[in-house]
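Just below is one structure, and these are the notes that go with it.
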Amino acid sequence: MIDDIANIVNISDEFDNKFIRCRVTYDKYSIKVEYFDYIPKSIQSFKIIECDSIDYAYKYDDRNLLNQLLSQKGDCDEIIIIKNGLVTDCSIGNLLFLKDDIWYTPNTPLLKGVQRAYLLEAQKIHLANIDKNNIWQYEKVMMINALNAFDENRAVLIKNIKE
């Protein structure tokens, strides 16, 4: 069990002035810490992909199903995952949708991410039931995650979503 994450993660001087990603993988027998250079993904378009069997309530090391869904994106940069007719997330984060100057996040996420939780608590975004067919009522969509904070400059016009 992880009692204190600060005792496990050790950011060395080699990472000075670098944007890095730290992955902590654990089970009841072991803990593994890995560090990677972080290169933000530029998202300009989304492809809608349906999958009713996906379950990603916790961050899992096994991303096979997410990668399989992402492989269906065609010439788009990222996917919007639909489960049981409702918008959930994309393959690397939560989604926000803009309508009438208010940002909404689906109330049916696959993973309740930390950035999403922060924005909800700060009342910068609001929960909404977003049906696959209602996506077109919004103006923009934005991906957020722990390494991609809310930034309207990263928002994509809804017209850049393909079915």
Side-chain angles (χ1 to χ4, degrees), residues 18-26 32 34-163:
K18 283 179 136 182
F19 201 32
I20 62 160
R21 190 176 93 188
C22 173
R23 177 189 299 156
V24 178
T25 308
Y26 61 94
K32 182 169 125 182
E34 299 172 280
Y35 303 93
F36 307 92
D37 286 333
Y38 180 70
I39 301 163
K41 183 176 181 179
S42 175
I43 300 173
Q44 301 300 315
S45 60
F46 288 89
K47 168 94 173 164
I48 293 175
I49 302 292
E50 297 192 42
C51 181
D52 293 342
S53 63
I54 190 166
D55 178 19
Y56 201 73
Y58 301 99
K59 252 191 161 172
Y60 299 112
D61 197 30
D62 179 358
R63 292 182 49 89
N64 286 330
L65 180 54
L66 286 170
N67 291 335
Q68 182 182 44
L69 296 175
L70 185 61
S71 73
Q72 300 173 47
K73 68 182 176 67
D75 61 354
C76 293
D77 300 314
E78 185 52 67
I79 59 174
I80 293 176
I81 302 168
I82 307 295
K83 181 176 181 177
N84 300 321
L86 299 172
V87 174
T88 62
D89 293 325
C90 68
S91 74
I92 58 170
N94 298 122
L95 295 171
L96 305 179
F97 291 84
L98 179 68
K99 179 165 65 171
D100 299 327
D101 292 324
I102 300 171
W103 286 95
Y104 298 92
T105 191
N107 60 7
T108 52
L110 296 174
L111 179 72
K112 294 179 180 178
V114 295
Q115 184 65 221
R116 178 183 180 272
Y118 164 76
L119 293 169
L120 283 167
E121 187 176 319
Q123 298 181 352
K124 294 184 178 191
I125 64 172
H126 306 278
L127 291 174
N129 187 44
I130 304 176
D131 184 276
K132 172 190 168 189
N133 299 320
N134 296 341
I135 291 173
W136 316 111
Q137 297 175 7
Y138 294 87
E139 302 152 33
K140 294 181 180 180
V141 60
M142 180 193 322
M143 182 280 298
I144 58 166
N145 62 26
L147 296 174
N148 290 275
F150 182 92
D151 179 354
E152 291 196 43
N153 293 320
R154 292 187 308 97
V156 174
L157 293 174
I158 288 296
K159 70 177 186 172
N160 291 336
I161 296 175
K162 295 182 181 178
E163 287 192 81

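Predicted model only: the values in this text are computed from it and were never measured. The first residue in the sequence is number 1, and the count goes up from there.
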Closest approach of [X] and [Y], non-hydrogen atoms and distance?
X: T108; Y: V87; result: OG1-O, 2.6 Å
X: R116; Y: L127; result: NH2-CD2, 3.2 Å
X: Y56; Y: R63; result: OH-NH1, 3.6 Å
X: T105; Y: I130; result: C-CD1, 4.4 Å
X: D100; Y: E139; result: N-OE2, 2.8 Å
X: E163; Y: W136; result: CG-CZ2, 3.6 Å

With side chains defined as the heavy atoms from C-beta onward, is the minimum distance between [X] and [Y] less than 4.5 Å?
X: L66; Y: I54; result: yes
X: I49; Y: Q68; result: no
X: Q137; Y: K99; result: yes

Which value, rounded to the nearest 0.5 Å, describes the distance between [X] atom [atom1] and [Y] atom [atom2]?
X: I161; Y: I80; atom1: CD1; atom2: CD1; value: 3.5 Å
X: I79; Y: L95; atom1: CD1; atom2: CG; value: 9.5 Å
X: I81; Y: L65; atom1: CD1; atom2: CG; value: 7.5 Å
X: F97; Y: H126; atom1: CZ; atom2: NE2; value: 15.5 Å
X: D89; Y: E78; atom1: CG; atom2: CD; value: 10.0 Å
X: N107; Y: N129; atom1: CG; atom2: CG; value: 5.0 Å

So for atom [atom1], which belongs to [X], do other residues, nucleotides or ligands contribute more than 12 heavy atoms lying within a distance under 6.0 Å?
X: E152; atom1: CD; result: yes
X: K140; atom1: NZ; result: no
X: Y118; atom1: OH; result: no

Apply side-chain hydrogen bond (donor to acceptor under 3.5 Å, both in side chains) to [X] and list each qualifying residue two or more places apart in sequence or on a separate chain.
X: Q44; value: S42
X: K132; value: E50
X: T88; value: none

Any sub-3.5 Å donor-acceptor pair from [X]'s side-chain atoms to [Y]'s backbone N or O?
X: R154; Y: M142; result: no
X: S45; Y: D77; result: yes
X: S91; Y: N67; result: no

Pair N148, N145: side-chain N/O donor-acceptor within cut-off below 3.5 Å =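 Yes, N145 and N148 have a side-chain donor paired with an acceptor closer than 3.5 Å.
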
